[in-house]
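Inspection log for the structure reproduced underneath, given as structure tokens.
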Amino acid sequence: MKILFLSLLSAVLFFQNGVAQVPRRVDISFLGDFRLFTQNIDGSIRKDKPTFQLAGFETYITGYLNPFGRGTFMIATHGHEFEVEEGYADINRLLPWGLSVKAGKYQVNFGRIALMHPHALPFMEYPIIERIYGGFHAYNDMGIQLNWMLPIETYANLSINVLHGDWLAHAQSGHIESEDIYGEYRGTSDPVFTSRFNIFTGLSERTNLDLGLSGLYGIYRGKDLVSSGGRDLHATMGCLDFKYKWRPNDYTALEIVGEGVVNHRQMPDNNPIDNWGMVTYANLKFRRNYNIGIKFDYAPGIFDYEGSFDWDYGPEYEYNNTRAGQFDDKNHTWAISAFGGFSLMEETTLIRFLVKYQDYIINDASSLNNTALTDKKAELLYATQLVFSLGPHKPHDF
Amino acid sequence: MFRKISILITILLLSFSNYGYAAKKVKVVASTTDIASIAKEIGKDKISISSLASGKSDPHYVEVLPSYMRKVSKADLYLKVGMSLDFWADLIIEGSRNSKLYIADCSDGITPLEVPKQQVDASMGDVHPEGNPHYQLDPENGHIIAGNIYKALVAVDPENDGFYKANLDAFNKKLDEKIKEWKQKAAPLRGMEVITYHKSWSYFSRAFGIKIIDTVEPKPGIEPTPSHTKELINLIKTRNIPLIIKEPYYSNRAPNTIARATGIKVLQLPPSVGGAESVNDYFALFDYLINSLLEVKEEA
Ligand SMILES: [Zn+2]
């Protein structure tokens, strides 16, 4: 994987440095995410100790492929190996009737938060529901996406994804390689379908609202697996999301974002599991370079791994614990976080702070199947993050 | 009631129809109000025009709103400022999914100021490799912008070439007359020393002989720092500089701090059409700027 990354990178640099007679501009950004955190989790070797961590290193490469579309690669490491987190082609200005197509490996637009990279989120990491339902990288998958902009006055878009889908069965969606290595976990190669409809409307000159409705349908455990009870087990999910943004002037903005997910799982014993989770946050940006905010998480299951920022956990661990929340309709995790940030120069140098209090509602310890979870105590996390980035300007999204 | 419904139906039909009278207009979207204003002079009633940045907002940072994408998806022509000022427009154009859109760069043929001699990096702040992009503030550049808009309009609507050409000639003639008038009127401003917030005024100062001594921003696009503000205070005191020019979208904080320490006047001036009450077109912009500066000059 490291070799793939290095050869890709050197290929890009090679073409940039004028060996090709006609320079084709490619934008490259490098991003480092350095953290210092401490938590109070009993039993953790890091309890009450400051921990330094290079939580991520990312390379983002994008450029036009032709007059109609662009190609994008996001290659990153979160500790061990480099991997292609995203690699896709977008064809935006070729098809008629407001259609566009995207194909490759990308962040799936199930809800709106998963579309953002974690370092672009003001609170450093994906919300708990994104991790429980969408995996480590929050709905990252290979597939094809078709978009249609509706021919009405307001901006409205309908998006349909046909996805590889194995992440739905297994833990770490981000770790799907080109090979079908997790097929054996899902027991089928049938695609998973998702769709999102969103509508964007201005409430006033300086206030905008985006509303989205997403759905997902697919087999999460095929009949070939023993654990399926001999039939294909389907997952049906829905997500309602919104973003409200008020910008009283160019350098002040209040954004309020919310996302709620409902999840229905067929089970081998014919007793389906239904659960839900949500996240909502408010973020105030002020004086151009500052922001402060608050976030509330509520999710099914016991969201557990060695301290919120530890990336050193294997798929098995996540499978047994974290994402088991998909199948837990009795116990819950909730968290409240306060966050803030300051940038010396927009996009390039960013310092953030986070305080998170996380607690659990354990109604049925027997279903957890793991004593480590049944006596989970509330935990407190303090973190500081430095994000530094080299590369061209990026426009401000809504 | 019946009438209301029939009006509603008519409006609906018109808005869906591609053949109505309204639909014959060339739909033009411009990045800024200045370009939109000049385009209006060339296209008159044969075009419909709107701009994405308002005259009061910072043209360096326009949010990429889906509603802009929708607007551009229906357009025939997009007019860019160019020189990386409206780099955000690329994402809006991409998001518009408009395969028929004609894109024109209005900076074609402009002689840029402040082109960096070495390679640009972030230590210089937000410096554009193509040079200073605020070229609309030299009225002579209005001719070049108008010429570019004319070429673009002819490219999308060749049938009306004659109409656009006549409007271009009329605009150029009027602009020449106005430039003569402005230069005469602004003669007392020659040699006037000012501090500006951002480097928005380089072309303007060249055109009218105003001397920009320094900027409130330590580097383009970088927020004022205490040390630079202190330097400015000393500079203003020693050179007796009478005026800080501030664009409407920047914060008053640093200029006010400097004003309290030195007694310097802070004047908010719009670098774009729509940035102040009476500034309704490209001509009114220079009228307003010159009159405002003359008032300060007289007071002092
Ligand atoms: Zn500028």
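In this text the structure is predicted, and so the values were computed from the model without any measurement. Throughout, protein chains are lettered first and strands after them, A, B, ... in sequence-line order, and every chain is numbered starting at 1.
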More than 12 foreign heavy atoms under 6.0 Å from NZ of A/K102: is that the case here?
yes

Taking only Lys NZ, Arg NE, NH1 and NH2, and the carboxylate oxygens of Asp or Glu, determine whether A/R206 and B/E63 approach each other closer than 4.0 Å.
no

Heavy-atom closest pair (A/R93 atom, B/S99 atom, distance to 0.1 Å) is O-CB, 3.3 Å

Whatever's closer than 4.5 Å to a heavy atom in chain A on B/K74 counts as side chain

Using modelled atom types only, decide if a donor and an acceptor are shared between the side chain of A/D250 and the backbone of B/D58 within a distance under 3.5 Å.
yes

Which one of B/W88, B/F87, B/Y249, B/Y68 has the most heavy-atom pairs closer than 4.5 Å to chain A?
B/F87

As a quick check of understanding, evaluate side chain to side chain contact (heavy atoms under 4.5 Å, CB included) for B/R97 and A/N157, giving each step before the final call.
CA-CA 12 Å; B/R97 304 176 201 164; A/N157 185 68; 2.9 Å; yes

Quick one: which of A/I91, A/N208, A/N92 has the most heavy-atom pairs under 4.5 Å with chain B, could you say?
A/N92

Heavy-atom pairs under 4.5 Å with chain A are the metric here; pick the option from B/T225, B/L91, B/I92, B/N98 that has the most.
B/N98

Side chain from CB out, backbone as N, CA, C, O: work out which of these in A/T349 comes under 4.5 Å of a heavy atom of chain B, or both, or neither.
neither

Take atom NZ in B/K199; do more than 12 heavy atoms of anything else shown fall under 6.0 Å from it?
no

Heavy-atom closest pair (B/P66 atom, A/Y155 atom, distance to 0.1 Å) is O-CD1, 3.3 Å

Residue part contacting chain B, namely of A/F68, when any heavy atom lies under 4.5 Å
neither

Quick check: are there more than 12 heavy atoms from other residues, nucleotides or ligands sitting under 6.0 Å from NZ of B/K246?
yes

Over all atoms of both residues, closest heavy-atom pair of B/Y61 and A/H396:
CD2-NE2, 3.4 Å

All heavy atoms of B/Y250 vs all of A/Y251, minimum pair found to be CE2-OH, 3.5 Å

With a 4.5 Å heavy-atom cut-off, do A/D90 and B/E94 have their side chains touching?
no

Bottom line for A/L390: the part with an atom under 4.5 Å from chain B's heavy atoms is neither

Look only at the side chain of B/R70 and the backbone of A/I152, and say whether a donor-acceptor pair between them is shorter than 3.5 Å.
yes

With a sphere of 6.0 Å drawn around CD1 of A/I144, does it hold more than 12 non-hydrogen atoms of other residues, nucleotides or ligands?
no

Residue part contacting chain B, namely of A/R287, when any heavy atom lies under 4.5 Å:
both

